[in-house]
Amino acid sequence: METKILRINRDALALHKEEYEAAFSEAADLIHQGGLVAFPTETVYGLGADATNPFASEKIYRAKGRPSDNPLIVHIYDKSQLQEYAAEVPPLAHRLAERFWPGPLTLIFKKSDKIPLQTSGGLDTVGIRMPDDPVALAFLRACGRGIAAPSANTSGRPSPTLAAHVIEDMQGKIDMILDGGDVFFGIESTIVDLTGEKPQILRPGAVTEEMLREVDAEITTDPALLREPVQECRPKAPGMKYRHYAPKAKLCLLRGENEKVLACMQEKVQRAREAGKRVGLILTDENRGKLQADEIRYIGSAASDEQIAHNLFAVLREFDHCAVDLIYSESFEQGKLAAAIMNRLLKAAAYHIADV
Ligand code: TXA
Ligand code: MG
C-alpha cells in the first residue's frame with residue numbers, strides 16, 4: 001500500500017483554511033471508506049479510523065500489531081458529540097470537559113451502541129477526548145464523526161512526536177499521514193475513568209492530579225500506576241500493563257543527588273565498555289560535557305519538565321538508530337509533569353531503577 005504524506009502548516013492553517021480544504025476532504029474520504037489516516041494532536045500523533053466502523057478499527061490493531069484487548073480512544077471535535085458515543089454522561093464529565101477540553105484529557109464512559117466492541121477492545125466502556133490542535137480539529141471536523149485513534153506507533157515502541165516517527169513505523173501500512181510538524185506536549189493524554197464508584201486517573205499526563213482535584217477533590221490515581229505491575233495489582237487501563245516505549249537497548253535509570261548520579265553513571269559506563277558493550281546516556285543540558293560514553297543525548301533542561309516531556313520519546317527512538325547495548329538515564333522528579341514522565345520512563349526501563 002502506498003502511504004500518502006500531506007504536509008499541513010499549522011500557522012498557515014489558521015490564516016488560510018481554504019488552502020487546505022482539499023487535503024482534509026481527501027483525508028476524510030479515506031476515513032469514510034474505512035481507511036487509516038495518521039494525524040498530529042497536541043500530545044502525540046494518532047492513527048485514526050472511523051470509530052463506528054468495526055472493520056476500520058480492526059485495521060488499526062493490525063497496522064500497530066496491538067493486542068486486541070487494548071481499547072482505542074475516540075476523538076471528537078465538538079463537546080456535543082459526547083452524547084453520541086457515551087451512554088451516560090455524569091455531571092462531573094461536563095465540568096471536566098468545560099475546564100480541560102479541548103486538551104490532553106481522556107474521559108472514560110459507559111459506551112453507546114454506536115461504538116462497536118472492536119473499537120472498545122471488547123469493553124462496555126469508551127475513552128473520549130477532544131484534542132487541542134488545529135490540524136487535528138480540522139481533520140476531525142472534515143470527517144464529521146468520532147475518530148478512533150491510538151498513538152501512531154508500532155505497539156511497544158515510543159509514541160510518535162514527529163511525522164518522521166510515524167513514517168518509520170507505519171509507511172506502507174496505512175493510507176495517509178497528515179504531517180503537521182512537531183507536537184506540543186510529547187506525552188499522551190491523562191486518562192480519567194468516570195465509570196467506577198469514584199473517579200480515578202488511569203494514566204498520568206499533562207492534566208495533573210492536582211489540576212483535576214481542583215474540579216473534584218475525590219479524584220485519585222489508580223494505585224497500580226505507582227509501582228511495577230504485578231498479578232494482584234494490575235492497572236485498570238489495559239494498555240498500561242504492556243511493555244511499552246522501550247528502546248531496543250536495555251535502559252536503566254539512576255535516581256539521587258546529581259553529583260552522585262553522575263559519578264555512578266561514569267563508573268557503570270566504564271565497566272560496561274570494558275565488557276565490550278556500547279553505552280548510551282540520557283542527560284539533562286546542565287550535565288553537558290561532564291561524562292563520556294559512546295552516544296549521549298541531551299533531553300532538555302533539568303529546570304524544564306515541559307522540555308523533558310517534549311523530547312523524551314524522540315530521544316528513546318534515536319537510540320534505536322545508533323547500535324548501543326545499554327542506556328543509562330537520569331531520573332526526572334521535578335515539576336508538574338514529573339509523574340507523567342517517570343511513568344513512561346519506568347515502563348521503557350522495565351522498572352530498572354537504582355537509587356544512588
Ligand atoms: O494523547 C493520547 O491519548 C493519544 C492521542 C493520539 O490522542 N492517544 C493514545 O492512545 O495515547 P493509546 O491507544 O496509545 O493509549 C490509550 C490508552 C491505553 O492504555 C488504553 O488501554 C487506555 O488508554 N484506554 C482506552 N480506552 C479505555 C477504556 N475504555 N478503559 C480503560 N482504559 C482505556
Ligand atoms: Mg500508545
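In this chain, numbering begins with 1 at the start of the sequence shown. Order of listing sets the numbers, starting from 1, for every ligand and every atom in it.
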Under 2.8 Å from the Mg ion (ligand 2), protein N/O/S atoms total 1
Salt-bridged, [X] to [Y], with N to O below 4.0 Å?
X	Y	answer
Arg255	Glu333	yes
Lys17	Glu21	no
Arg129	Glu42	yes
Lys114	Glu84	yes
Asp216	Lys198	no
Arg317	Asp320	no

Just to confirm my output: which protein heavy-atom neighbour is closest to [atom], and how far is it?
atom	value
atom 19 (O) of ligand 1	Gly239 CA, 3.1 Å
atom 31 (C) of ligand 1	Pro238 CD, 3.7 Å
atom 33 (C) of ligand 1	Pro71 CG, 3.6 Å
atom 14 (O) of ligand 1	Ser151 OG, 2.9 Å
atom 20 (C) of ligand 1	Asn70 OD1, 3.1 Å
atom 30 (N) of ligand 1	Ile108 CD1, 3.6 Å
atom 23 (O) of ligand 1	Ile191 CD1, 3.0 Å
atom 3 (O) of ligand 1	Ser189 OG, 2.6 Å

**Study point:** Proximity of Arg66 to ligand 1 by residue part, where a heavy atom lies under 4.0 Å
**Key:**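 It is the side chain that touches ligand 1; the backbone stays farther off.
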### Task
Take every heavy atom of Arg129, measure it against each atom of ligand 1, and state whether any distance is under 4.0 Å.
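Yes.
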Quick one: does Pro104 get within less than 4.0 Å of ligand 1, heavy atoms only? no
Would [X] count as a polar contact of ligand 1, with the cut-off being nitrogen or oxygen pairs under 3.5 Å?
X	value
Lys64	no
Thr41	no
His75	yes
Lys236	no

Counting neighbours of CD on Gln292 that are heavy atoms of other residues, nucleotides or ligands and sit closer than 6.0 Å, is the number greater than 12?
no
Report task. Start with the C-alpha gap between Trp101 and Lys79, add the side-chain angles, then the distance that decides, and say whether side-chain contact (heavy atoms from CB on, under 4.5 Å) holds. Result -> CA-CA 8 Å; Trp101 281 1; Lys79 289 177 199 139; 4.0 Å; yes
Answer whether the closest heavy-atom distance between the side chains of [X] and [Y] falls below 4.5 Å.
X	Y	result
Ser159	Tyr45	no
Ile201	Ile191	no
Leu194	Leu96	yes
Phe332	Leu337	no

Value for CG (Asn153) from OG1 (Thr161), rounded to nearest 0.5 Å, stands at 10.5 Å
Straight-line distance of Asp325 CG to Lys277 NZ, nearest 0.5 Å:
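The NZ atom of Lys277 is 6.5 Å from CG of Asp325, to the nearest 0.5 Å.
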Which ligand 1 atoms are under 4.0 Å away from a heavy-atom of [X]?
X	value
Thr125	28 (C), 29 (N), 30 (N)
Glu188	1 (O), 2 (C), 11 (O)
Thr43	1 (O), 2 (C), 4 (C), 5 (C)
Gly46	6 (C)

Checklist entry - Is the Lys NZ or Arg CZ of Arg344 less than 6.0 Å from the centre of Phe313's six-membered ring, within 45° of the axis? => result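 The answer is no, since Arg344 fails at least one limit relative to Phe313.
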